[in-house]
Amino acid sequence: MAVARRTAKGVWDRYSASDPGLLRLMAGLRTVGAILLALAVLAPLGTSVTHLVAGAMTAMVSTFAIQEKEVRGQAITLALGLPVALAAIALGAVLNHRVVAGDVFFILLIFGAVYCRRFGDRGTALGLIGFQVYFVSLFVSASASALPKLFLTLTVAFACSAVVRFAIVPETPERTLARLREAFRARLAQLIAHQIALLDADSGTAEGPEKVLDDLRRSTARLHEAALMIQGRLEEGTRDASAAALLQRRVADAEIAAERLGVLLLNARSAERVETLTLHLPSAPVPLTRRGRIAPDAGTALRRDLRALHLLVVRLVPDDRGTALPYVRNRLLGYREEQGLPQGSPAIQDCFRAIGEAARAILGLRLATNTATDEEYDSPEAMRSREEFAAEEISISGEAAAAAEDEPTGLRRPTTRAAVQVAVGSALAIVGGEFLSTQRWYWAVLTCWVVFLNTASTGEIMVKGYRRLLGTVLGVVAGVALAGAVGNHTWAAFALVVLCVFGMFFTAPLSYALMSFFVTAMLGLLYTLLNTYSLDVLVLRIEETALGAACGIIAAVLVLPVRTSHRTDEELGTVLARLRDVVSAAVAQLSGGPAIDLVDLARDLDTALDDLRSSTKPLTHPIAPLRARRQTARYIVALLETCAYHARSLAATAELVPSSKSVAADARLALAGRRITHNIDLIAARVRDEEADGTIESGASIAAMLDSGGHEVLRTGSVAFRVLRHLQRLDEGIVGLARPLGVPLAVPEESGAAGARKALG
């Protein structure tokens, strides 16, 4: 029984890690539940199949359109959505046979629906409901005489959506945040498991180093993704600002500690000094030797302690009791104080110290979630860690002054520009769609609409159009097979429709092509229900989709275009500005400056970097024709991810200065900070096409700049050593950015700093 429970828990952990917060599962269940409930209510009323289809589609739309986090806000938007839907279905029924007036209104509706995105989640939801319900009226060929029954159908659909959302599959910010914390724990456990596999990469039964390193990169990125998702839910999911700030800091500590442990393990396994870039650039060479340099005794102890650390993460739940886990935790925490540190090379001992830091971060997570209730078993090291956490908690003020940025106005506003573009593209799609089919031209309009959703540049629209077309072609094949299988079995067709809807929403965040596949397969079944199915109809679906994607691309290229390079430059400039903020603030605090909330600054950097990563996807996509440009984009993003890692680590260390007895400020660090921020300013000016005097400063290592003749500064394992190493890597990363971006570099100065630089590893 115990084995079965452990197996079930392991399976659930893997799923929880793959779907953080169960957001995809809940979205699918909520949408499917609303459809099933609407069908269950409408079918006994003798509703026709056509109106059942309209009710199912409306229930789906009224469920997925609402994305607000607060329950009260969801209820208000759902209540406002019903009159919007009734108005849309009525206008669709009235204008259905008035071609010119109907087309003009449809274009105006599309413009308004996209323009409403400027009003936040509520405006986006109401615009989406208006557009989609008007589309439903076209799909079912609504007429004025059928409006009373359609009004009843839509009202029932909205009511069923509300029942499922608020009663059957309720969702609150607190529950979502709790599940995201669980997903973070599961992903942290996966990362440590891959770090253990890294040590066994040379054995005959283990996977090769390349596969292990790919897994390590992927799990590191997924842990970072979960941390960012938690960041986005903290404000609504915690009781107050102080609790949110505390949890944010503990999650950041755990993420940084785990990522640092991975870097140090790579360093210990490498025949040479490993660059942090290896962990962030998929095409980087594998730095692992087939015959590792880790001594057998040290390797055994390292595996043992990594498994112990993994156990602490797996058992990070409130109902664990006993002395075994506290004993393991206390032993690992001792490594922070050099107590019981196993013998080994400096690189190996760095790994043990990192395990101690990770154990401390796990203890912090337990404290932040009120699950660390075993103080009676604390060792002196554990007591010291609790005291440090208590001091940090007191220092958190919870006051954050958000600087309001100037937003663009007029046609420069993204929502206005997108509204104009999609209106022009839709007009082209209507004209072209009418030539292909006077009855189903709206498929071209729908494709033109969706390729503009959540896109911000011409390249993104092209990639999305390609994925839409690919998914549609594959979905047509599936639709033919499913339609032939169900025949005239109405409820079997509805059951498959529901499965396709679940697949559509479950896969939407993962693959747009896969989502389009489920949409098209569902349409084949819906046409079967409406007795309008034929192979010609599905082929027409492909033609209309291709036309709509082409119209969207034409509008994006010709009407107020936003070039991919222009958007990536904007996002790159934002990342550099956020990076400068973090580095300058962290160095100032490490140099003795006033204490500020560095965690918020670090998370702003992470958010900006995530936006940059999204904006470069058209450049790094396999269909991108310019291979050299694709490699350059990947290299720049990987360099920035490396710089962000070192900046986060600096910020985490600087956060300890006000409350820790082991981390003291050093005024000499300000000199290193000035050189790094100077170089960032020069690169940012080049990205903005501004004139900037000066060249990138390089040459003497950070350690040589600060060396005062003593040896304590460079003692392996010390906090000063760690700070210098992060500064050195930041300095190297910024200089590395200058080359692909075409920023001139100064001639390196000759110095005797080679020994100091080498000492930093």
Taking the side chain as everything from C-beta on, heavy atoms only, tell me whether [X] gets closer than 4.5 Å to [Y].
X      : Y      : value
Val450 : Arg468 : yes
Arg233 : Leu23  : yes
Thr447 : Trp443 : no
Phe452 : Val114 : no
Leu514 : Met504 : no

Which label fits [X] and [Y]: parallel for a plane angle under 30°, tilted from 30 to 60°, or perpendicular past 60°?
X      : Y      : answer
Tyr134 : Phe105 : tilted
Phe131 : Phe106 : parallel
Phe139 : Tyr527 : tilted

- Task: Answer yes or no: does atom CD of Glu174 have more than 12 heavy-atom neighbours from other residues, nucleotides or ligands under 6.0 Å?
- Result: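 Correct, the count exceeds 12.
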- Message: Is there a side chain to side chain contact (heavy atoms under 4.5 Å, CB included) between His566 and Asp569? Walk through the geometry before answering.
- Response: CA-CA 5 Å; His566 177 71; Asp569 284 348; 5.7 Å; no
- Do Met26 and Arg179 pass the side chain to side chain contact (heavy atoms under 4.5 Å, CB included) test, and can you show the C-alpha distance, the side-chain angles, and the key distance before you say yes or no? CA-CA 11 Å; Met26 289 300 169; Arg179 290 198 298 265; 3.7 Å; yes
- Query: Where is the tightest heavy-atom contact between Cys160 and Ala34, given as atom of each residue plus distance?
  - Reply: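 Smallest interatomic distance, heavy atoms only, reads CB-O, 4.0 Å.
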- Query: Which atoms form the tightest heavy-atom contact between Ile107 and Ala423, and what is the distance?
  - Reply: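 Scanning both residues, the minimum pair turns out to be CG2-O, 3.9 Å.
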Indicate yes or no: does [X] engage [Y] in a salt bridge with an N to O separation below 4.0 Å.
X      : Y      : value
Lys69  : Glu171 : no
Arg440 : Glu544 : no
Asp214 : Arg218 : no

Measure the [atom1]-[atom2] distance between [X] and [Y] for me, rounded to the nearest 0.5 Å.
X      : Y      : atom1 : atom2 : value
Thr47  : Leu39  : OG1   : CG    : 9.5 Å
Ser219 : His224 : OG    : NE2   : 13.5 Å
Glu460 : Ser615 : CD    : OG    : 7.0 Å
Phe64  : Arg30  : CZ    : CZ    : 13.5 Å
Arg222 : Asp215 : CZ    : CG    : 10.0 Å

- Message: Here's one to test your reading of the geometry: is the NZ or CZ of Arg24 within 45 degrees of the ring axis of Phe506 and under 6.0 Å from its centre?
- Response: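 Checked: cation-pi criterion met.
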Say whether [X] and [Y], considering side chains only, have a donor N or O and an acceptor N or O under 3.5 Å apart.
X      : Y      : answer
Ser48  : Thr50  : no
Ser161 : Thr63  : yes
Arg634 : Thr620 : no

- Task: Any chance you could lay out the side chain to side chain contact (heavy atoms under 4.5 Å, CB included) test for Leu523 and Arg541, step after step, and finish with the verdict?
- Result: CA-CA 9 Å; Leu523 289 175; Arg541 159 81 173 163; 3.5 Å; yes
- I would like to know whether Leu147 and Phe151 meet side chain to side chain contact (heavy atoms under 4.5 Å, CB included); could you show each step before the answer? CA-CA 6 Å; Leu147 278 179; Phe151 283 171; 4.1 Å; yes
- Positive for side-chain contact (heavy atoms from CB on, under 4.5 Å) with Glu68, one of Ile76, Thr124, Asp121, Leu78: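 It is Asp121, the one option of Ile76, Thr124, Asp121, Leu78 that forms the side-chain contact (heavy atoms from CB on, under 4.5 Å) with Glu68.
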